[in-house]
Amino acid sequence: MPAEITGANQIAIDAAYLVTGIAFILGLRFLSNPKTARLGNTISMAGMALALIATGFQLDFGAAWWILAVGLGGGAAVGIYSARAVKMTAMPQMVALFNGAGGGAAAMVATAEFLRENPGLNPVSWDQSLAVVLSTIIGAISFTGSIVAFLKLQELMTGRPITYPAQQVVNGAIALAIVVAAGMTIANVDAVPAYFVALAAAALLGILFVLPIGGADMPVIISLLNSFTGLAAAMTGFVLGNNVLIISGALVGASGTLLTMLMSKAMNRSIANVLFGAFGKVSTDAGPTQGSGGSGTVREATVDDVATMLAYAKHVVIVPGYGMAVAQAQHSVRELADQLEKKGVEVKYAIHPVAGRMPGHMNVLLAEANVPYPALCDMEDINPEFPRTDVALVIGANDVTNPAARNVPSSPIYGMPILDVDKAHNVVVLKRSMKPGFAGIDNPLYELPNTMMLFGDAKASIDNLIGAVKAL
Amino acid sequence: MSAHLLAELTVFVLAVFVGFEVISKVPTTLHTPLMSATNAIHGIVLVGALLVAIVAAPKLGPALSVIVVFLASLNVFGGYVVTQRMLAMFKTRASGPRDGAKR
């Protein structure tokens, strides 16, 4: 722990930490409006800087200056570079990676404290031990879980759910091992080996519990992992007796929990159902999907058909999904909307709460393309408008438009609130192929008489549409 | 349970309530920047990382000490820069009237 600090200095440091806590709260408060959000983030950054300066007075640079230089400098350089270089479409995995870094750091700080207390020799109070163990376990789960989430989102491994027999039993056994090892650590029975068993088991559980999560459930899992890292940081605060860590961690924990609940609610599923749920089961046997044109009931459209339909419509609603992000089509989408508006068409965007791979994913992409945010409509606002919508243009969205969620009780997504695009006069679906979405569920929308499919890469299709609309 | 722990627990519980209160006011449009902003905030664990790593004889040893500071630092700097980038996109559009924000 830090070098001895005299009373007056300690008070000054604690006061600085208090200011940091206030800055974080204000920073989040200002996020409630797009106009003040940037100021909020600046305040939050200033708070962070203050906390780091205050911490600087407690450090012993003499011996460890190079650790500071390499660690802090390296982290800052890599962090700033990657944050600047990353494409907006790759934002979810970037956030997952930073989140994992925080979780890993929290677990390691707890480990350092555990080793310093030297529980093999000294009795440690149970509450101190408990904080160390919780910080370690939650941090480790968040670390490995975030890395798996990153790998899935970056498509370095399959984004589909990975399931195997007795998955729940295996996870349960590991969870039990964590509890036992944690208990032994706290009871000071073979504390050191028990501690490392808990650490290793938690790291393993982090990997295993994210594996069966399908791409479409990613917004839930990303929020949940965010909340974990927050809690781990708060626990680290208990370990170090540091209020600023406790406050900040609690804020993040609360935020992540709230978002997790919002996302699950948007899918009408419990968090437990997302974590242990049914989505994974379906995809494994989704082999017999109809190939392109295999089913006679699917109507394929040409670019000119669609362009004409769009240009002579009154109301067009664009329904973006993860496919838009993958194709990086947001700028083209905006341009198409501009062209249509020039022809007097009213264009709106329907945003499903879980469209994309993180909360608000579509909003941020469309914001990047300079779509004014009042044009983005939430599900409950836009759904009543579909019956008087001339064309619903579905761009890379699948499960969130699947009418089976409304009327097929046997469907795995039955009960999930969806965008009622099927109620529009015409539906145009831009899709790469007839492959089902991440959930691996067939979408009856594609076989409706008012639906037309425009196959191909979303960006290429939209660019073609722009050309065709201009030519009209 | 020590009085000290109880004081810390009080701070924690109150901060959770403040967190819920403040976050529930953030509109859907800003949920991605919100995640990113809170992501940067938990980078505060860098304070802890510095406290355990930058001492005369760090318990983790030099290599792991570098890693712990690196990870936390990556979290802080990366988190804030990404958030700034996202929010800048929302800022450039003065076209939006007041309402679209609230939800």
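In the text below, chain A, chain B and the rest are named by the order of the sequence lines, each starting its count at 1.
Within the 4.5 angstrom heavy-atom criterion, no atom of A:V239 approaches chain B. Proximity to chain A (any heavy atom under 4.5 Å) is shown, for B:L14, by neither the backbone nor the side chain. Residue A:L231 touches chain B through its side chain alone, counting heavy-atom pairs closer than 4.5 Å. For B:L50, the parts lying under 4.5 angstrom from a heavy atom of chain A are both the backbone and the side chain. Residue B:A57: no heavy atom, backbone or side chain, is found under 4.5 Å from chain A. Contacts of B:V76 with chain A are made by side-chain atoms alone, with heavy-atom separations under 4.5 Å and no backbone atom involved. Looking at A:S125, neither its backbone nor its side chain comes within 4.5 Å of chain B, counting heavy atoms on both sides. Residue contact with chain B, scored on non-hydrogen atoms closer than 4.5 Å, involves the side chain of A:L259 exclusively. Neither the backbone nor the side chain of A:M362 comes within contact range of chain B, judged by heavy atoms closer than 4.5 Å. A:L97 does not touch chain B: none of its heavy atoms, backbone or side chain, sits under 4.5 Å away.
Annotation: maximal heavy-atom pairing with chain B below 4.5 Å, among A:V95, A:V70, A:T42, occurs at A:V95. The candidate with the highest count of non-hydrogen atom pairs below 4.5 Å against chain B, out of A:G360, A:C377, A:S248, A:S255, is A:S255. Among B:A49, B:A53, B:G48, the residue with the largest count of heavy-atom pairs under 4.5 Å with chain A is B:G48. For the set B:V68, B:V22, B:I41, B:V69, the entry with the most heavy-atom pairs within less than 4.5 Å of chain A is B:I41. Note: B:N75 leads B:N75, B:T83, B:V11, B:L46 in heavy-atom pairs under 4.5 Å with chain A. Considering only heavy-atom pairs separated by less than 4.5 Å from chain A, the leading option among B:V82, B:V66, B:I44, B:I67 is B:I44. Among A:T236, A:N242, A:T20, A:L251, the residue making the largest number of heavy-atom pairs under 4.5 Å with chain B is A:L251. Ranked by non-hydrogen atom pairs under 4.5 Å with chain B, the options A:P92, A:A54, A:G75 are led by A:G75. Ranked by non-hydrogen atom pairs under 4.5 Å with chain A, the options B:P62, B:A37, B:P58, B:S36 are led by B:P62. Note on A:G102, A:G249, A:A375, A:A233: by heavy-atom pairs under 4.5 Å with chain B, the leading option is A:G102. No other option in B:I23, B:L34, B:V81 has as many heavy-atom pairs under 4.5 Å with chain A as B:I23. For the set A:N243, A:V364, A:L115, the count of heavy-atom pairs under 4.5 angstrom toward chain B peaks at A:V364.
Take B:Y80 and apply the ring pair (Phe, Tyr, Trp, His ring centres under 6.0 Å) test, not counting sequence neighbours, and it matches no residue.
Scanning all heavy atoms of the two residues, the minimum distance from A:S142 to A:F228 falls at CB-CB, 4.0 Å. Taking each heavy atom of B:T29 and A:Y373 in turn, the nearest pair found is CG2-CB, 4.0 Å.
Contacts between residues 43-50 of chain A and chain B, counted as heavy-atom pairs separated by less than 4.5 Å, involve A:S44, A:M45, A:M48.
We find the CG-CG distance between A:L376 and A:D381 to be 11.5 Å, quoted to the nearest 0.5 Å. Annotation: the span from A:R116 atom CZ to B:L60 atom CG amounts to 12.0 Å, rounded to 0.5 Å. Atom CE of B:M86 sits about 11.5 Å away from atom CG of A:N363, to the nearest 0.5 Å.
Side-chain atoms of B:N39 never come within 3.5 Å of backbone atoms of B:G79 as a donor-acceptor pair (strictly under, hydrogens ignored). The main-chain N or O of A:S223 is never found under 3.5 Å from a side-chain atom of A:S227 such that the two would form a donor-acceptor pair. Counting only distance, with no hydrogens or angles, the side chain of A:S135 and the backbone of A:A110 share no donor-acceptor pair below 3.5 Å. Using modelled atom types, no side-chain atom of A:S32 and backbone atom of B:V26 make a donor-acceptor pair closer than 3.5 Å. With B:T32 contributing its side chain and A:P359 its backbone, the two residues share a donor-acceptor pair below 3.5 Å. A donor-acceptor distance shorter than 3.5 angstrom exists from the side chain of A:T36 to the backbone of A:F30, with no hydrogens or angles considered. Side-chain N or O atoms of A:T260 include one that pairs as donor or acceptor with a backbone N or O of A:G256 at under 3.5 Å.
The side-chain hydrogen bond (donor to acceptor under 3.5 Å, both in side chains) contacts involving residues 14-23 of chain B comprise B:E21-B:K25, where partners must be two or more places apart or lie in separate chains. Residue pairs meeting the side-chain hydrogen bond (donor to acceptor under 3.5 Å, both in side chains) criterion with at least one partner in residues 61-84 of chain A, sequence neighbours excluded, are absent.
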For side chain to side chain donor-acceptor pair (under 3.5 Å), just list the numbers for A:D378 and A:H352, CA-CA rounded to whole Å, side-chain angles, deciding distance to a tenth of an Å, and then say yes or no. CA-CA 7 Å; A:D378 286 345; A:H352 192 281; over 6 Å; no

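Considering only heavy atoms from C-beta on, A:Q330 stays 4.5 Å or farther from A:R334 through its side chain.
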